[in-house]
**Q** 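I'd like to ask some things about the structure below.
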Amino acid sequence: MSYPTNRQIADLLNRIAGLLEIKGENPFKIRAYRRAAEQIAHHGQELAELWQSGDDLRRLEGVGQAIADKLDELFRTGRLEFWERLTAEVPESLLEVLEIPEVGPALARTMWQELGLTTVAGVQAAAEQGKLRTLPRMGKKKEARILAGIRAMARRQTGRFHLGQAWPLARQVLAVLGDLPQVVRVETAGSLRRMRDTIGDLDFLAATDHPAAVMEVFVRLPDVAEVLGSGETKTSVRFKNGLQADLRCVPPARWGTALQYFTGSKSHNVKIRELAQRQGYSLNEYALTREQDGKPFLFDTEAALYEFLGLAWIPPHLREDWGEIEAARSGALPAGLSVADIRGEVHCHSTWSDGRNTIEEMARAALARGYEYLVITDHSRSLGVANGLSVERLRQQSREIEAVQARVPGIRLWQGAEVEVKADGSLDYPDDVLAGLDFVVASVHTGLRQDRETLTRRALAAIQNPHVKVLAHPTGRLLTDRPGGDFDMEAVFQAAARTGTLLEINASPYRLDLPDVLVRRAIAAGVKLIINCDAHGVEDFDNLQFGVATANRGWAAAEQVANTLPLAEFEAQMGLVQK
DNA sequence: GCCGTTTTCGGCCCGACTGTTTTCAGTCG
Ligand SMILES: Nc1nc2c(ncn2[C@H]2C[C@H](O)[C@@H](COP(=O)(O)OP(=O)(O)OP(=O)(O)O)O2)c(=O)[nH]1
Ligand SMILES: [Mg+2]
Ligand SMILES: [Mg+2]
Ligand SMILES: [Zn+2]
C-alpha cells in the first residue's frame, strides 16, 4: 500500500477548501484549510513517514486537531469520509469551474444553484447563449470576460511558466520601464523576485508620480497581446506567449512598503501584517499606520520596515512563510550564498555529445566567468539520442581535454562523464573505465516511471558506487509538466549523507533539481550539495543564478555547497589527483 | 479550523479594479 504524498494531501486540502468556499462556509475555515495545504506542500519530509513513526502531525503549523484527525484517517484507511460527504453535496467538477478566470466561489455557486451548471463546458455553452447575464450582478461584459477566460484556459494560457521564459522577458520590460524619465525606480516583484521555480505571472513595481504615463508605455510593449485590466495604479496584460504581467505604480515615498507588499509571498505578507497588528499598527503597501493616533510611518527601504517591526531584512527568496519571520526575529536566518561564491562546476557538455560548444569554448567561457575549475561530463554510451561517448571516444576525448588544458591554463579542467544509471542500477561504463575518469556524475534519465522500489534501488546503487561523486538532478522532474520519479528521497538523503556523495542542484530552469523544498530537507539530513548549470552551451552558464536561488530558497549556506570551495580545497576534498 | 510576548475564546491582512452596484459585492493582487 502506498501512502498519499505531501503534494497529494495538499491538493486534497485545497480541493476541500474550494468546495467549502462554493458551499459558503466560514471564510476563516477555508483559509485554515489552504494554509495547512501550503505548509504541507512545502514540508520536505513526507507526512506519511512522520505519521508512521508516531509523530504528532499537529506540530506542523496550520495543522490542528481536526486536520490531524483527517490525515490520520487518510493514512489508516486511504479514504476520507469528510471528503466523500462533501463531494456528495457539492459536485467536484465545480472546482474546474472555479479555475476559470473571473469566476469565483460566489458565481460558481449561483451558476450551479440557479442554472444547474457544474462543468466548464456547461458554463461556456450558457455564456454563449447569453444565459449568464440573467443572474444577479451579471451582465454582457462580465459574460464576455468569462468566455475570454475559458478560451485562455483552453489555449493553456493560464498555467505557470519556468524561469527560462519569465526571466528574459522580465529583463526586457524592466529595461524599457527603467529608461522612462517618469520612473524613479522599477523592480521585479512577486514570485520572480523570490525566484520561485515556476512563475504564475510577472510582477513589476514602479516608483513614479506619473502612473498613467508609465502604464501607457507598459500596455504598448511590443509583445502585449491583450490588456486584462487597467486602473489608476495597476495594469495587467497578457503577452503573446501567454505570460501575464502586472504593473503596480506607487509614489516614490512609498517604495519600502510597496516593494515589501508586492514581493510577497501572500502568506508571508499576511504574517507580517498580523505581526504589525500585534504591535499596534496596520500595514499596507503605502505605510505602516499607528492605530492609536493614525500616524503614518513611511519607509524608503524594505530593510527599514522589517527593522521597525523588530526583524532582520529577509531576502526575498526566503519569504514563503517557512519560518523565516521567526528566524528573522531571533537572528537565525541562513547565511545564504551568492553567484560569486561558486568557484567552478562539475557537470557540463560539449560537442562530443549533445552540447553546442567545443570543450575549448566551454573552458574559456567558464574562465571568463571567473571559474577556477570545470569538469567536462559528456553523456555515456547508452544515451544514443545524445550522442553518448563509447569507451574509445572517451579515450580520445581525454587527449583533447589535455590539449585544451595546455591552451587554456587559467582554469583547471578534468575529464568526467555523466553516466547513465541503467534500469537495473548498474552504470553505463565498466568499473575500470570509471576508475580512469577524474570525476563521475551519475544520472537517472531513463525509466523514471518505474515503481518506487526499483527507482530508489537505482539511485542508491549510484550513490553507493565508489566512483560516483555526484548524483545529478536527483528527482528527474522537468518543469513545468513532468513531475520527478517516485524516489524514496529520505533513503536517498540518508545514503548520500553516509557516503558523502554530492546531490546536485541542477540550475537549468527546466529542472531546478533538487527543488528548494528538498534542498532544505537534504541539508537537515546532513547531505552536501553542488550547484551545476548542466551547460550544453556557453550561454547556459547564465543559469547559475537560478541554481543559487534554489539553494538559498532551501536555506542553504555556502559550506553546504561543495563548489564554493576554491580549487585547492575542492581538489583535496574530492580526492582529485594533482597531474 | 487554527491559535495565543494581552487571549483556550474571539479574533483571523488589506487594497485595486470591474461592473450595473445607485452604494458595493465579487474577484483578484
Ligand atoms: N497582502 C496581500 N498581498 C498579496 C495578496 N495576494 C497577492 N499579494 C502580493 C504578494 C504577491 O507576491 C504579489 C503578487 O501577486 P501574485 O498573485 O502575482 O503572486 P506571486 O507573484 O507571489 O505568485 P505567482 O507566481 O504569480 O503565482 O502580490 C493578498 O491576498 N494579500
Ligand atoms: Mg506573480
Ligand atoms: Mg501578479
Ligand atoms: Zn547533463
Side-chain angles (χ1 to χ4, degrees), chain A residues 13 16-17 20-22 24-39 57-71 82 97-111 132-146 148-149 158 189-191 200-205 211 215 227-236 244-250 254 257-258 260-289 291 309-310 321 325-326 329-330:
Chain A
L13 295 177
I16 289 174
L20 290 177
E21 208 174 19
I22 292 170
E25 258 284 6
N26 174 3
F28 300 110
K29 185 189 282 194
I30 289 148
R31 187 187 128 175
Y33 274 102
R34 296 220 162 100
R35 187 162 150 59
E38 199 181 323
Q39 289 295 325
L57 298 179
R58 288 176 306 181
R59 282 197 333 207
L60 270 90
E61 249 195 273
V63 176
Q65 192 60 55
I67 292 179
D69 285 346
K70 290 184 173 67
L71 295 179
F82 178 75
V97 173
L98 210 51
E99 300 276 299
I100 303 171
E102 311 275 331
V103 176
L107 181 54
R109 178 168 58 245
T110 24
M111 290 193 298
L132 295 188
R133 65 187 73 167
T134 64
L135 295 172
R137 304 193 61 85
M138 287 287 294
K140 267 178 113 163
K141 284 188 183 171
K142 180 76 177 173
E143 206 172 53
R145 288 178 80 100
I146 289 167
T158 56
S191 52
D201 70 352
L202 305 180
D203 299 289
F204 299 96
L205 179 69
M215 293 190 293
V227 179
L228 302 168
S230 190
E232 303 271 298
T233 73
K234 203 179 94 177
T235 291
S236 299
Q244 276 190 41
D246 293 337
L247 170 64
R248 183 71 198 268
C249 297
V250 292
R254 313 289 173 160
T257 44
Q260 194 286 324
Y261 152 71
F262 212 32
T263 297
S265 66
K266 174 180 168 173
S267 47
H268 175 89
N269 286 357
V270 169
K271 265 220 168 149
I272 291 289
R273 289 173 180 206
E274 285 172 345
L275 179 66
Q277 277 186 320
R278 285 199 298 278
Q279 299 181 15
Y281 297 88
S282 167
L283 175 64
N284 62 23
E285 59 267 51
Y286 299 110
L288 185 71
T289 306
E291 296 287 3
L309 294 171
D321 191 17
I325 294 173
E326 296 73 9
R329 189 172 16 239
S330 60

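We name chains A, B, ... by the order of the sequence lines, and we start the count at 1 in each one.
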**Q** Check this for me: does any side-chain nitrogen of one of Glu61(A) and Lys271(A) sit under 4.0 Å from a carboxylate oxygen of the other?
**A** yes

**Q** State, to 0.1 Å, how close Phe204(A) and Phe262(A) come at their nearest heavy-atom pair, and which atoms those are.
**A** O-CE2, 3.2 Å

**Q** Polar pairs (N or O, both sides) under 3.5 Å between protein and nucleotides 20-23 of chain B?
**A**
unit_1: dT20(B); atom_1: OP1; unit_2: Gly139(A); atom_2: N; d: 2.5
unit_1: dT21(B); atom_1: O4'; unit_2: Arg137(A); atom_2: NH1; d: 3.4

**Q** Work out which heavy atom in Glu232(A) is nearest to a heavy atom in Pro211(A); give both atom names and the distance.
**A**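 Closest approach of Glu232(A) to Pro211(A): O-CB, 3.7 Å.
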
**Q** Once you round it to whole Å, what is the distance between C1' of dT27(B) and CD of Gln244(A)?
**A** 13 Å

**Q** Which whole number of Å gives the distance between the P atom of dT5(B) and that of dC13(B)?
**A** 16 Å

**Q** Check the distance between dG29(B)'s P and Asn284(A)'s CG and give it to me in whole angstrom.
**A** 19 Å

**Q** Under 3.5 Å, side chain of Gln244(A) to main-chain N/O of Asp201(A), donor-acceptor pair present?
**A** no

**Q** I'd like to compare against my own output: the B/S/- annotation of nucleotides 1-13 of chain B with a strict under-4.0 Å heavy-atom distance to protein.
**A** BSS--------BB

**Q** Would you mind reading off the distance between Gln260(A) atom CD and dG29(B) atom C1', rounded to a whole angstrom?
**A** 14 Å

**Q** Give Leu107(A) one of three labels, base, sugar-phosphate or nothing, depending on what nucleic acid heavy atoms sit under 4.0 Å from its own.
**A**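 Counting heavy atoms under 4.0 Å across all strands, the contact made by Leu107(A) is with sugar-phosphate only.
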
**Q** Phosphate oxygens OP1/OP2 of dC14(B): is one of them under 4.0 Å from a side-chain N or O of Tyr281(A)?
**A** no

**Q** Just N and O in the side chain of Ser236(A): are any of them under 4.0 Å from OP1 or OP2 of dC17(B)?
**A**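 Checking dC17(B) against Ser236(A), no side-chain N or O comes under 4.0 Å of OP1 or OP2.
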
**Q** How close do Leu309(A) and Leu275(A) get, heavy atom to heavy atom, and via which atoms?
**A**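 Result for this residue pair: O-CD2, 4.1 Å.
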
**Q** Is His268(A) close to Thr263(A) at the side-chain level, that is, under 4.5 Å between some pair of heavy atoms?
**A**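 Side chain of Thr263(A) against side chain of His268(A), heavy atoms only: no contact under 4.5 Å found.
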
**Q** Out of dG15(B), dG26(B), dT18(B), which has the shortest distance to the side chain of Tyr286(A)?
**A**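 Selected nucleotide (nearest to the side chain): dG15(B).
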
**Q** Using a 3.5 Å cut-off and no angle test, enumerate the donor-acceptor pairs between side-chain atoms of residues 101-109 of chain A and protein atoms at least two apart in sequence or in another chain.
**A**
unit_1: Glu102(A); atom_1: OE1; unit_2: Arg145(A); atom_2: NE; d: 3.0
unit_1: Glu102(A); atom_1: OE2; unit_2: Arg145(A); atom_2: NE; d: 3.3
unit_1: Glu102(A); atom_1: OE2; unit_2: Arg145(A); atom_2: NH2; d: 3.2
unit_1: Arg109(A); atom_1: NH1; unit_2: Glu21(A); atom_2: O; d: 3.3
unit_1: Arg109(A); atom_1: NH1; unit_2: Ile22(A); atom_2: O; d: 2.7

**Q** So do Met138(A) and Thr110(A) actually touch side chain to side chain, heavy atoms under 4.5 Å?
**A**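 No. Closest side-chain heavy atoms not under 4.5 Å.
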
**Q** Quick one: does Glu25(A)'s side chain have a donor or acceptor within less than 3.5 Å of a partner on Ala17(A)'s backbone?
**A**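 No.
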
**Q** When the nearest nucleotide of DNA chain B is assigned to Glu232(A) and to Val103(A) on a heavy-atom basis, which residue is associated with the more 5' position?
**A**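 The residue whose closest nucleotide sits nearer the 5' end is Glu232(A).
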
**Q** Could you tell me how far dA25(B) sits from dT20(B) if I compare only their C1' atoms? Round to whole Å.
**A** 12 Å

**Q** Please name the nucleotide paired to dT8(B) by Watson-Crick or G-U wobble geometry with both distances under 3.5 Å, or report none.
**A** none

